[in-house]
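The next block holds one structure in the form of structure tokens; read it before the comments.
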Amino acid sequence: MHLIEMGKTVMNFKKAFGVAAATMMSAAALTGCAIAKTSSTAGNKSSDNTIRIGVNLELSGSVASYGQQEKKGVVLAAQEINKKGVKIGGKTYKVKLFISDNKSSTSTAASVAAQMANSDKIVAQVGPAATAYATASIANLTKAGVPMVGPSATASEFTQTKSGQTQKYAFRACFIDPFQGKKAADFMYNTLKKKSVAILADNSTDYGTGLTKSFTKEFKKLGGKVVTTQYFQSGDKDFNSTLTTIKGKKPDALYLPGYYTEIGLILKQAREMGLNVPVVGADGMGSPKLAQIAGKKNATNVYYTTHFSIKSKEPEVVKFLKTYKAKYGEEPTTFSSLAYDSVYMIVDAAKKEGEVSSSAIQKGLASLKNFKGVTGKITMDSKHNPQKSVVVEQMTNGKINKAYTVK
Amino acid sequence: MQTFFQQLINGLSLGSIYALLALGYMIVYGISKLLNFAHGDVYMLGAYWGYYTINYLHFGFITALITAMIVCGLAGVIIEAVAYRPLRNAPRVAALITAIGVSFFLENGMSYLVTSDTRNFPQVIKQKTFDLGGVMISNIQLIILVTTLILTLGLMYIINYTKTGRAMRSVSTDYDAASLMGININHTVSITFALGSALAGAAGVLIGLYYNSIDPLMGMTPGIKAFVAAVLGGIGSIPGAAVGGFLIGLLETAVQAMGFSAFRDAAVYIVLIVILLVLPGGLFGKKQVEKV
């Protein structure tokens, strides 16, 4: 049950990116019309003892399941904080949430952001979940001077303007896709101790090519050797000849950046021809379908990088699992855990700056360092992309039996 | 050397699938002069038939294979009767576009009915791998090769040595003359579609078993590659289509073996262009003289 739920989340997670990419264009087109009339670039400041956080999520519409999961994480975080309150600049504050449904629509995501910034006087926003809707809300928040944390906006363009500058008010809690390649190289070299690797990558998606690039760069820097890099396309079914070539090069391990449909087949065909070396991949292969396609026996000695694992033994995660389960009666997902971290990131930023205001939180988020969340230790880089630890899940006989943390 | 033989086996098993599909393409084209772009999708239907009958009716491999051939044969007949027959005397391009329409209809219809999720095919035959001096060959690869050979020979027998086959050949030579000789054209074309689609159905079940993964769009690329194989072998020749299929399989494998995995599809389509420019009749094709 755990396994299935987890896998589903990852699958949904990947799907969110697709939606994100598809609606990106319309997002750009629609934000223009929804910009609010009143604007105060100065941002909002708390005048009582509440931290007013706007929650702009997809609670209905095409990607409602992500929004609903993130809402659970946000509500839990606020509830935990409010039990004791949080001391900022000598005053005890409580979190007040303003939860709005953006209906999985770019125009609503933009207008909800404007309305919360101007009428509800929020000091920061959490959400939206999908990159497209998160991007759509940036313009209005920038105008109002209110920072936002997109829990799961993974597209690398999200925190950047068209001309390549960093969006001052846009932050995220997740790492961007290619970042996993870097961490996978680290895991391969330092944890698995494999020094010569063959790569078989999906070159029909940015996901596959981006990961290949970042993996190769980091792995070579560490001193490892990439014996060969081969490519496939999504929809391919026969990998026997490529795998025969790879087998001839005798690699210690394989790196397979791609999605579960093809990776499942690659695993099956590789194991059947006796290529039994460890396989490392990225979160695109995290799905119960992987083991079904590969065959349980073949899905062994398989590792993949991901955002969050319920198998993790990190104390923060263990505690989070317990409280989450007590409140909702189910396991947290990648979405809910990233949203949970987003709230804490905002509060932490205010605490560090000693002031509950939009500008202080913006500064605090931009200089966030070693923030300990349930999805890892987060340090914000100059492009507002978290540099954080990555979780690696290990699969044996088609079941996730262990999780590692790559710091 | 060991790697060479391994790649040869890889190429032959991939090629036999293309060969089965190319045979179906070829006989349909040879007789009705119609490029049946829905052929790859009939193969997808065969795979789904295998999936459901093995999972829910607990068919064995042979039963699933034979029933898939029958069901796909029927599907072919229905497609022909509904979509192509009314257009038999229309311009060729109308039928071609209809074929593309049928292909879309089958792909999206199946996506709607069974969702576009990739499914894992039930493994009715347990995979066994034989190690022949370092060269691995699996029992499933052997089954695919043998089934393809049997079906090719069977088809050759039907076309060359039976009354139906003779009718098919005569229809392929001249519609009007054949009909004047008392051959029922509709009947013959139906049988042709049934035979071609039955081969596609068999390929569907075999591919499902081999790769363990089926989805509603699985017929697209193999369908086009089988078309290339049929052109390469020479439209109108049964051994030609089979040889063309094996050659395309070997070519793809060779391209990947040389380390150009990113270009394997490109290589196949380059072959299509070259063949059409240099040897339009294909390797085994008859030279056709266009009479004015």
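Worth knowing before you read on, the calculation uses all heavy atoms, side chains too, and leaves out hydrogens, waters and symmetry mates. Protein chains get the first letters and strands the later ones, always in sequence-line order, with residue 1 at the start of each.
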### Summary
Cut-off 4.5 Å, heavy atoms of chain B, and the answer for A:Ile293 is both
### For chain B, which residues of residues 213-231 of chain A have heavy atoms nearer than 4.5 angstrom
A:Gln230, A:Tyr231
### Query
So which part of B:Thr221 gets closer than 4.5 Å to some heavy atom of chain A, the side chain, the backbone, both or neither?
neither
### Query
Are side-chain heavy atoms of B:Tyr211 and A:Gln269 found at a separation under 4.5 Å?
yes
### Message
Looking at B:Tyr269, I want to see if its OH is surrounded by more than 12 non-hydrogen atoms of other residues, nucleotides or ligands under 6.0 Å.
### Response
yes
### Query
CG of A:Leu290 to CG of B:Asn120: how many Å apart, nearest 0.5 Å?
11.0 Å
### Query
Heavy-atom distance under 4.5 Å between the side chains of A:Thr245 and B:Gln7, does that happen here?
yes
### Query
Any chance CG of A:Asn301 has more than 12 other-residue heavy atoms, nucleotides or ligands included, within less than 6.0 Å?
yes
### Task
Measure A:Asp238 against the heavy atoms of chain B and call it side chain, backbone, both or neither at under 4.5 Å.
both
#### Entry: A:Lys237 versus chain B, the contacting section by heavy-atom distance below 4.5 Å
both
### Query
Picking from B:Phe263, B:Tyr210, B:Phe121, which has the most non-hydrogen pairs under 4.5 angstrom with chain A?
B:Tyr210
### Task
Calculate, to the nearest 0.5 Å, the distance between atoms CG and CD belonging to A:Asp236 and B:Glu252 respectively.
8.0 Å
### Message
Can you see whether A:Glu262 engages B:Ser213 through a side-chain donor-acceptor pair at a distance of less than 3.5 angstrom?
### Response
no
### Task
Measure the NZ-OG1 distance between A:Lys249 and B:Thr3 for me, rounded to the nearest 0.5 Å.
10.5 Å
### Message
How about NZ on A:Lys402, more than 12 heavy atoms from neighbouring residues, nucleotides or ligands closer than 6.0 Å, or not?
### Response
no
### Message
So for atom CZ, which belongs to B:Phe61, do other residues, nucleotides or ligands contribute more than 12 heavy atoms lying within a distance under 6.0 Å?
### Response
yes
### Message
Are more than 12 heavy atoms, taken from residues, nucleotides or ligands other than A:Lys103, located less than 6.0 Å from that residue's NZ atom?
### Response
no
### Task
Find the one option among B:Met136, B:Gln127, B:Gln123, B:Gln6 whose heavy-atom pairs under 4.5 Å with chain A are most numerous.
B:Gln127
### Summary
chain A shares the most heavy-atom pairs under 4.5 Å, among B:Asp265, B:Asn10, B:Asp215, with B:Asn10
### Message
Has A:Lys289 got a side-chain atom pairing as donor or acceptor with B:Thr118's backbone, closer than 3.5 angstrom?
### Response
yes
